[in-house]
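Inspection log for the structure reproduced underneath, given as C-alpha cells.
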Amino acid sequence: MSIGGMMRTSVSGMTAQSNRLSAVSENIANASTIGYKSSKAEFSSLLLEGTGSDYSSGGVETTIHHEISKQGVLQGSTSYSDLAISGDGFFLVQDASGGISLTRAGSFVLDDAGKLVNSAGFTLMGVPLEDGKEAVLSANGTSGLEPIDLSSNKLDSEPTTTGELSVNLPSTSADVAAADMPSTNSATAQYSARTSMTVYNSLGEEVTLDIYYAKSTTTGEWGVSVYDAAGRSSSGGFPYASGALATATLQFDSDGNLTSTSTSSLSIPVPGGETMTLSLNDTTQLAEDFTIMTVDANGNPPLEPSGIEISDDGIVSMVYANGTRRSAYQIPVATVASPDKLIPKAGNVFQVSSESGDITLGTANSGGRGKIISGALEASTVDLASELTDMIEAQRSYTANSRVFQTGSELLDVLVNLKR
Amino acid sequence: MSLTLAYNIARGALASNAATASVVSRNLANAENPDASRKTALLVTDATGGVHVAGVANEVEAALLEQSLKSTSASSHSAEVAKVLQTLSAVVGDPELEGSPAALIGQFRSALQTAAASPHDTTSLQGVLSSAEALTESLNSAAELTTSTRRVAQDTIETAVGDLQSLLGAFSDLNREIVTGTALGRDVTDQLDRRNSLLRGIADLVDIRTQERSDGDMAIFLANGTVLFETSARSISFDGNAALLPGQPGSALRIDGVPQTDGESLGGKIGGLLVVRDELTLELGSQLDEIARGLIVATSESDQSASPSGPAQAGLFTYPGGPGLPASGSVAVGLASSISVNANANPALGGALERIRDGGISDPGDPRYVYNAGSLPGYAGRLNELIDGLSADQPFASSVSVSVTNGGVLAFATASAGWLEGERSTSSADSEQKRLLADKAAGAWQSEAGVNLDDELSALMALERSYQASTRLISAVNSMFDALLSAVR
C-alpha cells in the first residue's frame with residue numbers, strides 16, 4: 001500500500017477516461033461521415049499482486065474497439081454511383097499506390113478516366129465480365145480484380161441473333177396454289193399475310209426482313225418465307241432480287257395451334273450479319289384477322305452507352321439508348337471471418353489483420369453477403385445522443401479520478417508537513 | 001432506434017413530401033391539357049422505416065388508350081366519307097333539285113310532252129332543245145365534279161401521307177427517349193403523354209393497333225397487320241402526281257411495301273379518302289356514264305325504210321363516238337363528260353329544229369332515218385316515241401350498284417339519285433355515331449387517366465398536414481438534443 005500507488009492508479013483512470021473522450025470526440029466529429037464505424041473505448045482492470053496487508057492498487061487498461069460489423073442507416077441519394085451494402089461485406093478499393101483495402105464508404109463518382117473514385121480517393125475494384133458470362137471470382141485472393149473503367153469512348157453494336165414473332169394466321173384465308181407460294185419468289189407469288197421486322201447486321205445497320213405467310217392447299221399447313229426487304233421489286237414485293245432467306249412449312253392442329261412435329265423456329269442468315277433464330281412458337285391459326293401478338297428481336301445499332309446501371313448483385317451494366325444492357329463488371333463483396341478485428345485506416349478503409357482472417361470474395365446478395373444498393377449511402381453508425389451521454393459519464397469519471405489524485409496529493413502534504 | 005434515426009426519417013419525409021408536391025403541381029398545371037395523364041409519386045419505405053420517392057408513374061389504362069385510338073380513326077374515317085358524300089349529293093343527288101340529272105330528265109320529258117301536244121309549234125321544239133342542252137350540261141358538270149372530287153382526294157391523301165410520315169418521325173424520336181429513360185429509371189411520364197398524343201394523331205390518319213414491348217418500347221401496326229413502326233418507321237410511298245385515269249383506281253399507297261387498296265380496312269382519314277377516290281367517285285361516275293348511255297339509247301333513231309337495213313344510230317343525244325350506239329350492258333367510261341346535243345338539231349349550229357319532230361338527226365343525208373317523210377306539221381309520232389323511250393326498259397351494266405329492270409333511263413336516274421342520297425344519309429348517321437363514340441372514349445380516357453382538380457387539391461392538403469407533422473417531429477428531436485447538450489457543463 002502506498003500513496004504513490006494510489007496516485008498512479010488515479011492517473012491511469014484519468015488516462016483511460018481521456019482515451020474514452022478521444023473516442024467520443026472522434027465519433028462526434030465523424031457523425032456525418034459516410035461509411036464511418038463508431039469506435040468505443042473498452043476497459044479492463046490491471047491488478048498488481050499483493051500479499052496480505054501489502055496491497056498495491058492496480059490500474060485500468062484501455063482497448064479501442066471498432067464496431068465495424070454494425071450496419072449503418074442507408075440514406076437515399078440521387079446518384080446511381082452512390083453504393084451501399086445492406087448486410088455483411090465490404091467493397092474492395094485501391095489506393096494510389098495500388099494497395100487493396102476494404103471499405104463501406106460507397107460515395108463513388110466517375111473521374112475523368114472513367115474510374116469510380118470515392119470521397120477519400122480510393123478507386124473501386126471489380127471483375128471484368130464477358131457479356132452474358134458469370135464472373136470467375138478467386139475465392140481467397142484479390143487476383144483478377146482491376147479498377148472498374150466505365151470510360152465510354154467506344155461505340156458498340158450487336159448483331160441480331162434471336163427474335164420472336166407470334167401472329168395469328170386467319171384460318172379463313174384463301175388457299176394459295178403450290179406454284180404461287182411466296183417461297184417461289186416468282187412475280188405472280190401470292191400471300192395470305194405479310195409483315196416485317198427490323199434486325200441488325202454485324203455493322204449495326206438496320207435490315208428489314210419481309211415475312212410472308214401463305215395458306216397451303218393442304219389442310220392446316222402454312223408456308224412461311226423470309227426475304228430481305230432491300231431486294232423488293234419496284235412494286236414493293238415479288239420478285240425479290242435474291243431468293244428467300246428462309247422458308248418453312250408450319251403445321252397446325254385442329255385447335256389452331258402448332259403441332260408438336262411442326263417447324264417452330266426459323267434460322268435466318270441476316271444479310272451481312274449473323275444467323276438469327278426466329279421463334280414462331282406461339283403462332284396460331286384461328287378464325288380471326290391477321291394479328292401480330294409479339295414481335296421482338298435482340299441486337300442494337302452502334303450506340304454510345306447512355307447510362308450505367310448497377311444491380312443488387314453488383315453487376316455493372318452499360319445501358320444503351322435502345323434499352324439494351326451490356327454487363328461490363330461485377331463488383332465483388334469481400335468478407336472476412338471477424339470484421340470487427342479489421343484495422344481501420346484513414347479514409348474509412350480497413351485492412352486485414354492476423355486476427356480478422358483472410359479476405360473471401362463472393363457475389364453480392366448470395367451466400368450470406370449483403371446486397372449492393374445503387375443510389376444509397378451507408379450513414380455513419382454514430383448516435384449523437386449516446387455519444388453525448390458517454391461524454392458526460394466520462395467527464396464525471398475523470399473528475400472522480402482527479403479527486404482521488406488530489407486526495408493523494410493532500411495526504412502527501414500532510415506527510416511532508418510532519419517534519420517541521 | 002435513436003434520435004439521429006428519428007431525425008433522418010423526418011428529413012426523408014420532408015424530402016418526399018416536397019417531391020410529391022412537385023408532382024401535384026405538375027398535375028395542376030396540366031389540368032386543362034387533354035393529353036396529360038395524372039402522375040403519382042411512388043413512395044417506398046426504406047429498410048430503416050423512412051420513406052423516399054422511388055419514381056413517378058402515370059395512370060394509363062392500355063385498354064382505354066386502344067379504345068380511344070380505334071374510335072378516333074373510325075370517327076375521322078366516316079367523317080371524311082360523309083363530308084364528300086354531302087357535297088356530291090347536294091349537286092348530283094337530289095331528284096327534286098334543279099340541275100340534278102334526274103330532275104332534268106323529268107324536265108326534258110315534260111318539254112317533249114308539250115311539243116307532242118302541238119308539234120307544229122317551233123317554240124315548243126325550241127323548249128325540247130334547250131332542256132336537252134341543260135341535261136347534257138348537267139351530266140357534263142356532274143362528271144367533272146366527280147373527277148375534281150377524286151383529284152382533291154388524291155391531293156389530300158398526299159398531304160395526309162406527309163403528315164403521317166412526320167408524325168412517325170416524331171414518334172420514333174420520342175420512342176427512343178422513352179426506351180432510354182425507362183432503362184435508366186428516369187421519369188418519362190411527360191414523354192409518354194406526348195407519345196400518346198402523337199398516337200392519336202396517327203390514329204386520326206389510319207386505323208392502328210399498338211403493342212407495348214420491353215422498356216416502354218412500342219410497335220405500331222395497321223389494323224390489317226402491316227407494320228407501321230417497329231424499332232424503326234417503315235417506308236410509306238404514295239405518288240400524288242400520278243395521273244388519275246377515269247374509271248380506274250388511282251396510284252397505290254404502299255406502307256412497308258404492301259399496297260393498301262382497301263380504304264375501309266385501312267381506316268382513318270387516309271382510308272376514308274381512299275374510299276372516296278377509288279370507290280365512291282368511281283361508282284358515281286359509272287352511274288352517270290350509264291345515265292348518259294341510257295339517254296343516247298333512249299333517243300336513238302332506227303331505220304324507217306320498209307325493209308330496215310341500217311343500225312340504230314344516236315339521235316338527239318350523241319357523243320364523240322357517234323353516230324353508232326355505245327355497247328350496251330357495260331359502262332362506257334367517260335360518256336357522261338362527253339355527251340352532247342346533236343348539232344343537226346340545233347339551228348345555231350347549222351341544224352334544223354324540225355328534225356326533233358321529224359327524225360333524221362343522226363344523219364340528215366340518209367332518208368332512211370327520217371320518220372315524218374312528208375314533213376307534216378302535225379306529226380307527233382316521233383315525239384311520242386321519244387317520250388316512251390325515256391321509260392322503255394333497257395339493260396344497264398351489272399357492275400354498278402343500282403339495278404333497274406323496269407322504267408328505263410328515267411327510273412335508272414332516279415334510282416341513282418336515291419342510291420347517292422341513301423349513301424349520304426347512312427354515312428352521315430354513321431359519322432355522327434362514330435363521333436359520339438370517339439367523344440365518349442375521349443371522356444372515359446379523361447376521367448380515368450386525366451387530372452381531377454378535386455383529387456389534386458385534397459392531396460395537396462394532406463401533403464401540407466404531413467409536412468407540418470414532420471416539421472413538428474424535427475423540432476421535437478431538436479429540443480431533445482438541446483436538453484442533452486445543456487446537461488453537458
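Each chain gets a letter, A, B and so on, in the order the sequences are listed, and its residues count up from 1.
Of the atoms belonging to A/Thr294, heavy atoms from both backbone and side chain fall under 4.5 Å from chain B. In this structure, chain B has heavy atoms under 4.5 Å from both the backbone and the side chain of A/Ser235. Of the two parts of A/Tyr200, only the side chain, counted from C-beta on, holds a non-hydrogen atom closer than 4.5 Å to a non-hydrogen atom of chain B. For a residue to count as touching a neighbouring chain, one of its non-hydrogen atoms must lie under 4.5 Å from one of that chain's; by this rule A/Ile308 touches chain B with the backbone only. Contact of A/Met391 with chain B is made through the side chain alone, with heavy-atom distances under 4.5 Å. For a residue to count as touching a neighbouring chain, one of its non-hydrogen atoms must lie under 4.5 Å from one of that chain's; by this rule A/Ala385 touches chain B with backbone and side chain alike. Only the side chain of A/Gln75 comes within less than 4.5 Å of a heavy atom of chain B; its backbone N, CA, C and O stay farther away. For chain A, no part of B/Ser237 is nearby; none of its heavy atoms comes within less than 4.5 Å. Contacts between A/Tyr191 and chain B at a heavy-atom distance below 4.5 Å involve the side chain alone, from C-beta outward. For a residue to count as touching a neighbouring chain, one of its non-hydrogen atoms must lie under 4.5 Å from one of that chain's; by this rule A/Ile292 touches chain B with backbone and side chain alike.
Heavy-atom neighbours of chain A within the stretch residues 215-225 of chain B, taken at a separation under 4.5 angstrom, comprise B/Asp215, B/Phe221, B/Ala223, B/Asn224, B/Gly225.
With hydrogens and angles ignored, the 3.5 Å screen pairs a side-chain donor or acceptor of A/Arg194 with a backbone N or O of B/Gly257.
Chain A forms more heavy-atom pairs under 4.5 Å with one residue of B/His52, B/Arg11, B/Gln211, B/Arg209 than with any other, namely B/Gln211. Between chain A and the residues B/Thr226, B/Ile178, B/Asn8, B/Val179, the largest count of heavy-atom pairs under 4.5 Å involves B/Val179. Between chain B and the residues A/Val295, A/Thr389, A/Thr291, A/Ile373, the largest count of heavy-atom pairs under 4.5 Å involves A/Val295. Note on B/Glu177, B/Met480, B/Glu230: by heavy-atom pairs under 4.5 Å with chain A, the leading option is B/Glu230.
Every residue meeting the ring-ring contact (aromatic ring centres under 6.0 Å, His included) condition with B/Phe171, not counting sequence neighbours, appears here in chain and number order: B/Phe229.
Within the structure, salt bridge (Lys or Arg N to Asp or Glu O under 4.0 Å) contacts touching residues 250-267 of chain B (residues at least two apart or in different chains) are A/Arg232-B/Asp256, B/Arg234-B/Asp256. Judged as a salt bridge (Lys or Arg N to Asp or Glu O under 4.0 Å), the pairs with a partner in residues 290-302 of chain A (not counting sequence neighbours) are, in order, A/Asp296-B/Arg213.
Using a 4.5 Å heavy-atom threshold, the side chains of B/Thr180 and A/Val319 count as separate.
The two residues A/Thr198 and B/Ser232 make their nearest non-hydrogen contact at OG1-OG, 3.2 Å.
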